[in-house]
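Below: one structure, written as structure tokens.
First listed ligand is number 1; within each ligand, the first listed atom is number 1.
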Amino acid sequence: MDVPTVANGLPALGLGTYKNKGEQATESVKTALELGYRHIDTAAYYENESAVGAGIEASSVPREEVVVATKLWYDDLAGDDVVPAAKASLDRLGLDSVDLLYVHWPAGSYEASETMPALNELYDEGLVENVAVSNFTPEQVATAQDHSAAPIVANQVECHPLLQQDELRDYCESEDVAVVAYAPIARGKVADVPELSDVAQKHDASEVQVSLAWLRQRDVAAIPKATSEAHIRANWESQQLTLDDADLAKIDELDREERLIDPGFAPW
Ligand SMILES: NC(=O)c1ccc[n+]([C@@H]2O[C@H](COP(=O)([O-])OP(=O)(O)OC[C@H]3O[C@@H](n4cnc5c(N)ncnc54)[C@H](OP(=O)(O)O)[C@@H]3O)[C@@H](O)[C@H]2O)c1
């Protein structure tokens, strides 16, 4: 099945799963896949890889059609820790390989010269189809590239109409690194932005759908976390919404720089 894609062929819409655990996570993943999603985002840190893997297994969608992404936590990034940590993620997911393996944060035991070669070992063995990073600044992406023979296909960062990441998006575009937006609906805050409400009203859509359409049309993949079928479906349907140039410009002009995820170990 063809789904809209962004740079590097990544499906434009994926399902986020942070804080969705156990049977509910299994159910949400299965529901999403059966509605048409082909991109599922998890992480060792979310403690739901087994439940996510069970959802993939329970769905009627063949494994090879799905982009499955997981992430290594920052205390598993020393040269000797990466391979066993990734294998443990694969075991929990019940998969032979993942499509994207992210370095979750450039923090803790992350050291480009150690971590990236270890990720390349996994890539060479076929356990990881693509190497990716998350929460990296442009400078950190460049350094990681210097230490990776395998291309870095994506940088997953917070990105939504209230934090547009123009500079980072430009850099990633110039380097053929896809941008994957986490918290793409600003954890619901997009509903309170009058400019987004105006565009939503014009298209008989929601502010959430407008935000997801804006990201897609700006060539950014989005992985909104949604638990219920209603939210999973509403987000999927954002792909039927096409914003016109005036709508896109109105959103581009928002200048709010509201970052929601800002732990002490962040690199910025
Ligand atoms: N790489 C990183 O460091 C990092 C950091 C944060 C997040 N992430 C990833 O990005 C994903 C998304 O980010 P996020 O979970 O922080 O925030 P988000 O996707 O912006 O927002 C999730 C919230 O929005 C609600 N929601 C979803 N669809 C909705 C809809 N159509 N209408 C109204 N509300 C809706 C969800 O509720 P329900 O759950 O009730 O549906 C949930 O409360 C995460 O799950 C995770 O996979 C990665």
One finds that the ligand 1 atoms under 4.0 Å from a non-hydrogen atom of Pro224 are 19 (O)
At a non-hydrogen distance cut-off of under 4.0 Å, which region of Trp105 contacts ligand 1 (side chain, backbone, both, or neither)?
-> side chain
Side-chain H-bond candidate by donor/acceptor type, Ser89 with Glu49, under 3.5 Å = yes
Looking only at N/O atoms, are Ala183 and ligand 1 under 3.5 Å apart anywhere?
-> yes
Electrostatic pair Lys250:Asp247 at N-O distance under 4.0 angstrom = no
Region of Ser206 that comes within reach of ligand 1 [heavy atoms, distance under 4.0 Å] | neither
Ranking His231, Glu237, Arg233 by closest non-hydrogen atom to atom 35 (C) of ligand 1, top hit is His231
Proximity of Lys71 to ligand 1 by residue part, where a heavy atom lies under 4.0 Å | side chain
Any side-chain donor paired with an acceptor under 3.5 Å for Glu207 and Ser211?
-> no
Under 4.0 Å to a heavy atom of Gln156 - the qualifying atoms of ligand 1, by number = 1 (N), 2 (C), 4 (C), 8 (N), 9 (C), 48 (C)
Atom 18 (P) of ligand 1 protein-contacted (non-hydrogen atom, under 4.0 angstrom) = yes
Quick one: which of Trp236, Tyr182, Tyr45 has a heavy atom closest to atom 10 (O) of ligand 1?
-> Tyr182
Is atom CG of Asp96 surrounded by more than 12 heavy atoms (other residues, nucleotides or ligands) closer than 6.0 Å?
-> no
Apply salt bridge (charged side-chain N to carboxylate O under 4.0 Å, His left out) to the pair Arg218 and Asp252, showing each step before the final yes or no.
-> CA-CA 10 Å; Arg218 290 295 181 232; Asp252 289 340; 2.6 Å; yes
Ligand 1 to Gly16, heavy atom cutoff 4.0 Å, flagged ligand atoms 11 (C), 45 (O), 47 (O)
Please state whether Tyr46 comes within less than 4.0 angstrom of ligand 1, counting heavy atoms only.
-> yes
Can you give me every donor-acceptor pair (side chain of residues 182-195, partner residue at least two apart or in another chain, under 3.5 Å) with its distance?
residue: Tyr182; atom: OH; partner: Asn135; partner atom: OD1; Å: 2.7
residue: Lys189; atom: NZ; partner: Glu258; partner atom: OE1; Å: 3.0

Indicate if Leu163 and Val220 have the same hydrophobic cluster label, given that clusters are the connected sets of ILVMFWY residues with side-chain heavy-atom separations under 4.5 angstrom.
-> no
Looking only at N/O atoms, are Val208 and ligand 1 under 3.5 Å apart anywhere?
-> no
Please work out which of Asn135, Val103, Val157 has its closest non-hydrogen atom nearest to atom 3 (O) of ligand 1.
-> Asn135
Counting only N and O atoms by type, is there a donor-acceptor contact under 3.5 Å from the side chain of Asn235 to the main-chain atoms of Pro224?
-> no
Ser134, any N or O under 3.5 Å of ligand 1 N or O = yes
Residues Lys225, Asp41: salt bridge by 4.0 Å N-O rule | no
Taking 4.0 angstrom as the limit, do Lys71 and Asp76 come out as a salt bridge?
-> no
Under 4.0 Å from any heavy atom of Ile185, which atoms of ligand 1 are there?
-> 18 (P), 20 (O), 21 (O), 24 (O), 26 (N), 27 (C), 28 (N), 29 (C), 35 (C)
Identify the protein heavy atom lying closest to atom 22 (C) of ligand 1, giving its residue, its atom name and the separation to 0.1 Å.
-> Lys225 O, 3.5 Å
Candidate with minimal heavy-atom separation from atom 39 (O) of ligand 1, of Thr227, Ile232, Leu260 = Thr227
